[in-house]
**Student:** 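Right, I'll just put the structure down here and ask away after.
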Amino acid sequence: MGDQKQRVTLNDVAAASGVSRATASFVLRDSPGQSISAGTRERVREAARALGYVPNGLARALREGTSRIVLLTIDVALDGNYARSYIGGLDAELAAHEHVLLVRYAHPHDAAERLVLDTIAPHAVLRFGEPYLTGRELDDSGGGWRDGLAAHVAAQVGYLASRGHERIALALPARDTPLRSVRQRFADQAAAALGLRPLVPFTVSVSRSTTGSSRTTAADSLSALLAPPDPVSAVAAFDDDVALRVLAAMRPLGLSAPGDLAVIGFDDNGYGALAAPALTTVHIDAEAHGRQVARAILGLPADDLAPAPGRVIVRESA
């Protein structure tokens with residue numbers, strides 16, 4: 001018992017080399033983009049060699065009885081700028097604390113999930129958008145009406161209202177997406193807070209078909225929405241993909257945006273800036289949301305992290 005060697009940790013290496021734990025981690029993982037001097041790097045590596053530190057992830061998992069892998073499952077239909085920036089923040093924060101992020105694009109609880117869980121024994125399992133998908137309303141950071149999805153939808157509807165639009169349609173994807181009903185509920189609540197009637201929902205196909213049938217169907221829907229006695233004057237789209245299809249469906253009808261119909265997207269996928277007219281949209285940077293979740297998983301404080309509010313990128317279409 002007395003001869004059993006105590007496990008060497010990253011904290012031991014940091015203390016021996018006179019640097020912070022984060023700096024020692026960056027050096028031993030060869031993290032790119034770090035301005036760490038050659039002398040400091042060599043001092044950290046020498047301390048690791050002298051102490052017998054083993055940075056191998058598998059060896060660490062065996063010693064601690066669990067892996068340092070965090071598993072995130074995301075539905076393919078939810079991929080977008082928000083998801084990518086969220087994943088970027090989550091990954092960076094986990095890496096700074098010697099954990100690894102594994103992302104699976106799949107439906108939750110699919111047949112392969114059990115195999116994945118048994119194989120890697122993750123430190124934590126996350127499902128992207130789970131608070132909304134399980135019906136929980138979040139008023140704190142990361143959700144709800146302060147800096148979450150509801151607030152971003154309110155910014156979209158609020159922008160159209162600020163431009164004088166009182167009758168607004170909500171363009172939804174025909175594809176099955178777990179956030180469809182959530183988005184419609186938030187949009188109607190935002191409209192009610194502004195004294196507007198519920199938004200008029202209609203679906204737009206987002207298939208990659210080249211037959212033109214999806215464009216025709218969308219054009220028929222737009223014609224009905226613009227017909228008297230109660231025509232809409234603006235469309236709030238589920239995302240930029242749907243918004244761009246609305247703009248495409250307007251052309252065969254001889255309609256232009258924003259003169260005949262204002263159109264605003266959501267989640268700023270980058271392609272809207274290249275359209276004609278350029279697409280007005282809502283941009284959301286979710287890096288801080290991802291970092292907050294990482295801190296929560298690791299039991300670390302996150303008071304210094306403030307999510308950036310969503311903002312409307314004003315272009316030509318609205």
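Numbers for residues simply follow the sequence, beginning at 1.
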**Student:** Answer whether the closest heavy-atom distance between the side chains of V282 and D267 falls below 4.5 Å.
**Tutor:** no

**Student:** Do the non-hydrogen side-chain atoms of P277 and R315 ever get within less than 4.5 Å of each other?
**Tutor:** no

**Student:** Within the supplied structure, the quantity of interest is the number of heavy atoms (other residues, nucleotides, ligands) at a distance under 6.0 Å from D304 CG; does it exceed 12?
**Tutor:** yes

**Student:** Can you find a heavy atom in the side chain of I297 that is under 4.5 Å from one in the side chain of V70?
**Tutor:** yes

**Student:** If you apply the rule side chain to side chain donor-acceptor pair (under 3.5 Å), what do you find for T281 with D268, and how did you get there?
**Tutor:** CA-CA 6 Å; T281 189; D268 193 20; 5.1 Å; no

**Student:** Do any N or O atoms from the side chain of Q156 and from the backbone of A237 form a donor-acceptor pair under 3.5 angstrom?
**Tutor:** yes

**Student:** Check whether T280 reaches the backbone of V314 with its side chain - one donor and one acceptor, N or O, closer than 3.5 Å.
**Tutor:** no

**Student:** Does a sphere of radius 6.0 Å around CZ in R43 hold more than 12 heavy atoms from other residues, nucleotides or ligands, not counting ones at 6.0 Å or beyond?
**Tutor:** yes

**Student:** So do D239 and N269 actually touch side chain to side chain, heavy atoms under 4.5 Å?
**Tutor:** no

**Student:** Sub-3.5 Å donor-acceptor pair from the side chain of T23 to the main-chain atoms of V19, do we have one?
**Tutor:** no

**Student:** Has the side chain of R68 got a donor or acceptor atom that lies under 3.5 Å from a matching backbone atom of V100?
**Tutor:** no

**Student:** Where do A47 and V13 come nearest, in terms of heavy atoms and distance?
**Tutor:** CB-O, 4.0 Å

**Student:** Quick one, V153 and R183 - any side-chain contact, counting heavy atoms below 4.5 Å?
**Tutor:** yes

**Student:** What residues, two or more places apart in sequence or in another chain, satisfy salt bridge (charged side-chain N to carboxylate O under 4.0 Å, His left out) together with R291?
**Tutor:** E93, E287

**Student:** For side-chain contact (heavy atoms from CB on, under 4.5 Å), just list the numbers for L72 and R104, CA-CA rounded to whole Å, side-chain angles, deciding distance to a tenth of an Å, and then say yes or no.
**Tutor:** CA-CA 6 Å; L72 172 68; R104 293 187 68 241; over 6 Å; no

**Student:** Does E42, at its CD atom, have more than 12 non-hydrogen atoms belonging to other residues, nucleotides or ligands within less than 6.0 Å?
**Tutor:** yes

**Student:** When you compare the side chain of L305 with that of R295, does any pair of heavy atoms fall below 4.5 Å?
**Tutor:** yes

**Student:** Examine I313 and F238 and state if one hydrophobic cluster contains both, with Ile, Leu, Val, Met, Phe, Trp and Tyr joined whenever side-chain heavy atoms are less than 4.5 Å apart.
**Tutor:** no

**Student:** Before accepting this row, confirm whether a basic side-chain N of the pair R49/E46 lies closer than 4.0 Å to the acidic partner's carboxylate O.
**Tutor:** yes

**Student:** Before giving the answer on side-chain contact (heavy atoms from CB on, under 4.5 Å), spell out for Y82 and H289 the whole-Å C-alpha distance, their side-chain angles and the decisive distance to 0.1 Å.
**Tutor:** CA-CA 10 Å; Y82 179 93; H289 285 158; 2.9 Å; yes

**Student:** Side chains of V232 and I168: closer than 4.5 Å at any heavy-atom pair?
**Tutor:** no

**Student:** Mind checking whether L94 and L298 have side chains closer than 4.5 Å, heavy atoms only?
**Tutor:** yes

**Student:** Give a yes or no on whether the backbone of P198 and the side-chain of D188 come within a donor-acceptor separation of less than 3.5 Å.
**Tutor:** no

**Student:** The criterion is ring pair (Phe, Tyr, Trp, His ring centres under 6.0 Å); which residues satisfy it with H99, sequence neighbours excluded?
**Tutor:** H123

**Student:** Looking only at atom types and distance, does a side-chain atom of T40 sit under 3.5 Å from a main-chain N or O of I36, one as donor and one as acceptor?
**Tutor:** no

**Student:** Please assess V235 against F202 for the test side-chain contact (heavy atoms from CB on, under 4.5 Å), listing each intermediate value before the final yes or no.
**Tutor:** CA-CA 10 Å; V235 171; F202 72 105; 4.2 Å; yes

**Student:** Check whether R84 reaches the backbone of D79 with its side chain - one donor and one acceptor, N or O, closer than 3.5 Å.
**Tutor:** no

**Student:** What verdict does the side-chain contact (heavy atoms from CB on, under 4.5 Å) test give for I87 and V103, after you've listed the backbone C-alpha separation in whole Å, the side-chain angles of each residue and the deciding distance to 0.1 Å?
**Tutor:** CA-CA 8 Å; I87 291 171; V103 180; 4.1 Å; yes

**Student:** Would a line drawn from the ring center of F128 to the ring center of Y86 be shorter than 6.0 Å?
**Tutor:** yes

